[in-house]
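Since the structure comes first, as structure tokens, the remarks are kept for the end.
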Amino acid sequence: MITLQTLRSNPEEVVSRLKKKHFDAKNLVDEILKLDVDRRQSQTALDQKLAESNKLSKEIGQLFSQGKKAEAEEKRSQSTALKEESKVLEEQMRKAEEQIQDMLVRVPNLPNDSVPEGRSPEENVVVRSGGDVPSLPENALPHWELAAKYDIIDFETGNKVTGAGFPFYKGKGAKLQRALISFLLDNAIAAGYTEYQPPLMVNAATGFGTGQLPDKDGQMYFVNEDGFYLIPTAEVPVTNIYRDVLLKEEDLPKKMCAYSQCFRREAGSYGKDVRGLNRLHQFDKVEIVRIEKPENSYAVLEEMVKHVESLVQKLELPYRIVKLCGGDMSFASALTYDFEVFCAAQKRWLEVSSVSNFESFQSNRMKLRFKDREGKTQLVHTLNGSALALPRIVATLLENNQTPEGIRMPAALRSYTGFDLIS
RNA sequence: GGAGAGGUGCCUGAGUGGCCGAAAGGGCCGGUUUGCUAAACCGUUGUACGCUGUAAAAGCGUACCGAGGGUUCGAAUCCCUCCCUCUCCGCCA
């Protein structure tokens with residue numbers, strides 16, 4: 001969430017910048033500012049009462065020890081009255097605080113100045129592209145048919161055992177998954193990231209920290225008995241490693257990567273979007289996460305984009321990098337680049353990575369701060385990106401590399417798969 | 001899952017109703033001493049919010065001793081609920 005200080009010092013700017021996200025913040029901002037005044041008044045009044053009451057209590061203690069019982073009793077009743085008054089003020093303050101918090105979490109992150117105007121994905125801006133789109137014969141198969149033909153992914157049995165969106169990977173299909181995970185992790189490690197294996201379930205405080213809660217709780221699977229959420233991405237547990245932590249400046253930056261399975265309910269999805277591997281309820285992903293000093297975060301974002309770009313290049317996939325327009329960005333992001341690869345039999349671009357700078361939006365929620373060299377405490381900036389999400393990479397590898405002999409593996413993967421052809 | 005012990009500041013650890021934002025030791029930072037390092041000595045050392053205030057600062061107040069409630073004029077200390085950690089037993093990959 002954005003900080004109250006930002007909102008307090010530049011309310012008009014907040015409102016105008018949020019227009020780019022097509023979010024009308026005017027009323028919300030006015031309301032918050034009003035409540036903020038109320039809250040401070042209540043606190044000032046309350047603090048005074050408490051100060052008085054603390055003083056009285058001290059005096060009472062002294063009077064008792066001096067045996068001046070009558071005076072003590074007198075002050076005691078004063079103190080009781082004072083306490084009643086404080087209770088009212090405390091309740092006022094608590095209410096205002098709660099309301100401010102409720103409203104503040106509904107304000108999206110401010111988009112960076114460079115974010116393009118626009119309402120829908122069509123208005124995203126292609127930054128650059130690379131790789132070659134293969135020319136496939138007319139009878140080229142979509143990946144779900146290739147998967148069946150070579151018996152490497154079994155959607156039907158997944159349906160039976162669990163439900164739609166939970167496939168089995170089998171034989172070389174399973175090995176390919178494992179190869180990709182190792183390939184991606186090795187690349188991240190080589191780029192200086194520390195590998196983590198995170199918990200796949202998290203508590204509510206963690207879900208709140210990265211912004212999944214309270215808004216998007218319907219997107220996560222929930223384990224009612226224990227109050228845990230299945231993670232939709234490793235970003236959630238990994239970023240929360242540093243929740244409620246005050247770092248030293250020299251501790252920064254933190255570079256972390258993690259492979260995890262990800263679980264998403266994807267309620268409301270349908271049609272060709274969910275065909276085959278295009279959208280699953282459980283999928284594999286390697287995520288990179290950074291915790292950075294504010295002044296570095298945008299340079300780091302570009303560096304992360306370069307890293308992800310190197311991955312799709314090594315996998316020899318036709319790709320393009322798009323900068324999301326205001327209307328297509330997530331609630332929490334200040335700037336997001338999406339990576340899309342061209343899936344040649346389906347003839348569509350599929351998103352395989354999303355790299356974002358959240359600035360202090362998550363760190364404010366998480367109370368993740370650092371003390372700079374002057375001794376000032378500041379919020380860090382957090383960033384993360386998929387590097388990469390597997391299913392659509394697999395789909396594209398299958399479709400684009402199909403030949404009459406079988407499916408050819410890119411050179412970079414062969415040492416991981418141990419085979420260069422699925423046939 | 002059962003029985004017991006416990007959660008205090010950067011760390012160790014004392015504190016069973018007022019003199020406790022918290023002893024002591026260590027660490028860190030600053031200073032003195034010093035050819036350098038070490039040692040010794042002295043001092044400093046939390047966070048959040050509010051009020052006053054400044055160029056920066058600073059001062060004052062309030063809250064915080066796992067979390068949330070309660071008792072009391074007054075709670076780290078007493079009571080209740082929850083969470084977590086450790087030990088033993090049970091179960092188990």
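Lettering follows sequence order; numbering is per chain, from 1.
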Next on the checklist: Among A:E287, A:R290, A:K254, which residue satisfies the side-chain hydrogen bond (donor to acceptor under 3.5 Å, both in side chains) criterion with A:Y193?
Outcome noted: A:R290
Checklist entry - Does CD belonging to A:Q197 count more than 12 external heavy atoms closer than 6.0 Å? => result no
Item to check | Euclidean distance, atom CD of residue A:Q78 to atom P of B:U72 [Å, nearest integer] | outcome: 19 Å
Checklist entry - Can a side chain N or O of A:K58 be found less than 4.0 Å away from OP1 or OP2 on B:C73? => result no
Checklist entry - Are A:K371 and B:U47 close enough that a side-chain N or O sits under 4.0 Å from OP1 or OP2? => result yes
Item to check | No-hydrogen, no-angle side-chain donor-acceptor test under 3.5 Å, A:S42 and A:K95 | outcome: no
Item to check | Distance, rounded to the nearest Å, where A:L46 contributes CG and B:C51 contributes P | outcome: 13 Å
Item to check | Atom-pair distance (NZ on A:K55; C1' on B:U62), nearest Å | outcome: 16 Å
Checklist entry - Is the distance from OP1 or OP2 of B:G50 to the nearest side-chain N or O of A:R8 less than 4.0 Å? => result yes
Checklist entry - When you match A:K75 and A:Q43 each to their closest nucleotide on RNA chain B, which lands nearer the 5' end? => result A:Q43
Checklist entry - Are a donor atom and an acceptor atom from the side chains of A:E59 and A:Q78 found within less than 3.5 Å of each other? => result no
Item to check | Nearest-Å distance once atom C1' is located in both B:A39 and B:U45 | outcome: 22 Å
Checklist entry - What nucleotide among B:G50, B:G18, B:A63 has an atom nearest to a side-chain atom of A:D47? => result B:G50
Next on the checklist: Whether A:N54 contacts B:A63 is assessed here as follows: a side-chain N or O lying under 4.0 Å from the phosphate OP1 or OP2. Is that the case?
Outcome noted: yes
Checklist outcome for this item: Checking N1-N3 plus N6-O4 or O6-N4 for Watson-Crick, or N1-O2 and O6-N3 for wobble, each under 3.5 Å, the partner of B:G4 is B:C86
Next on the checklist: If the cut-off is 4.0 Å, is A:R76 near the phosphate of B:U72, judged by side-chain N/O to OP1 or OP2?
Outcome noted: no
Next on the checklist: With rounding to the closest Å, how many angstrom separate the C1' atoms on B:G15 and B:A24?
Outcome noted: 11 Å
